[in-house]
Amino acid sequence: HRRLVEAIDRVVGTGDGSLYPVLGRHSCERNLTTIYRLFLRAGAMNFMIRRVAQGWKLHYDEGQMAVLDSDRRTVHLTIADVPEPHPTHCMPVFGWLGRAAELAGYTNVCGRVVRCRRRGDDVCEFRYEWD
C-alpha cells in the first residue's frame with residue numbers, strides 16, 4: 001500500500017505527499033457504498049464512522065483505528081499500532097473523513113491533525129468539525 005500511494009504521488013502529484021489526502025477523498029467518493037451514503041444523508045455520520053473504524057482490518061494488515069468520540073458536529077479518532085507509521089496510512093484516511101462529512105451534507109468541514117507518530121506522538125489523532 002505504501003509504495004503504491006507514494007508512486008501515485010510521484011507520477012500524478014508533486015512527490016511531496018500532498019496528494020495523500022486527495023487520494024483518500026477520491027476513495028471515499030468512489031467506494032462509499034450506496035447503503036452508507038444513505039446513512040450519511042440521514043445524518044448518521046457517527047454510526048458510519050464507527051463502522052469504518054471497525055472495518056480498518058479489511059483494508060490494512062496492521063494497526064487499528066478507534067473513535068474517541070463523535071457527535072452531530074465532530075468526529076475525533078486515532079490510528080495506532082502501525083509498526084512503521086507513515087503519511088501514506090494516515091493522510092488518505094484524513095482526506096476520506098473530510099469527504100464523507102461533505103457527502104453527508106455538512107458545511108464548513110474543517111479537519112486537523114492533533115497528534116502524529118511521525119512527530120513523536122504515541123498515536124496519530126484526527127479531529128473533524130463541521131456545521
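The first residue of the sequence shown is numbered 1, and numbering continues consecutively from there.
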Tell me whether D121 contacts the main-chain N or O of C116 through its side chain, where contact means a donor paired with an acceptor under 3.5 Å. yes
For G13 and L19, which heavy atoms make the closest approach, and how far apart are they? N-CD2, 3.8 Å
Tell me every residue that passes ring pair (Phe, Tyr, Trp, His ring centres under 6.0 Å) with W130, counting only those two or more places apart in sequence or in another chain. Y106
Within the structure provided, determine whether H76 and S70 are in side-chain contact (heavy-atom separation under 4.5 Å). no
Considering non-hydrogen atoms only, spot the tightest contact between V67 and A53 and give its length. CG2-CB, 3.9 Å
Are any of the side-chain nitrogens in E102 or R25 under 4.0 Å away from the carboxylate oxygens of its partner? yes
Show every salt bridge (charged side-chain N to carboxylate O under 4.0 Å, His left out) that has at least one partner inside residues 52-71, sequence neighbours left out. D69-R127
The criterion is side chain to side chain contact (heavy atoms under 4.5 Å, CB included); which residues satisfy it with T14, sequence neighbours excluded? D16, S18
With distance as the sole test, does D9 use its side chain to make a donor-acceptor pair with the main-chain N or O of G17 at under 3.5 Å? yes
Is the shortest heavy-atom distance from the side chain of T88 to the side chain of R3 under 4.5 Å? no
With sequence neighbours left out, write down each residue that passes side chain to side chain contact (heavy atoms under 4.5 Å, CB included) with R10, or none if nothing qualifies. E6, A7
I'd like to know if the side chain of R117 reaches the main chain of H86, judged simply by a donor and an acceptor atom lying under 3.5 Å from each other, with no hydrogens or angles considered. no
Any side-chain heavy-atom pair of E125 and I79 under 4.5 Å: no
With clusters defined by side-chain heavy atoms of hydrophobic residues (ILVMFWY) lying less than 4.5 Å apart, directly or transitively, does V75 cluster with V114? no
Set of ring pair (Phe, Tyr, Trp, His ring centres under 6.0 Å) partners for Y128, sequence neighbours left out: F94
Consider only side-chain heavy atoms of I, L, V, M, F, W and Y, link residues closer than 4.5 Å, and tell whether L97 and L58 are in one cluster. no
Only counting residues at least two apart or in another chain, list the ones meeting ring pair (Phe, Tyr, Trp, His ring centres under 6.0 Å) with H89. H1, Y60
Value for OG1 (T78) from CD (Q64), rounded to nearest 0.5 Å, stands at 7.0 Å
C124 vs R115 side-chain heavy atoms within contact, under 4.5 Å: no
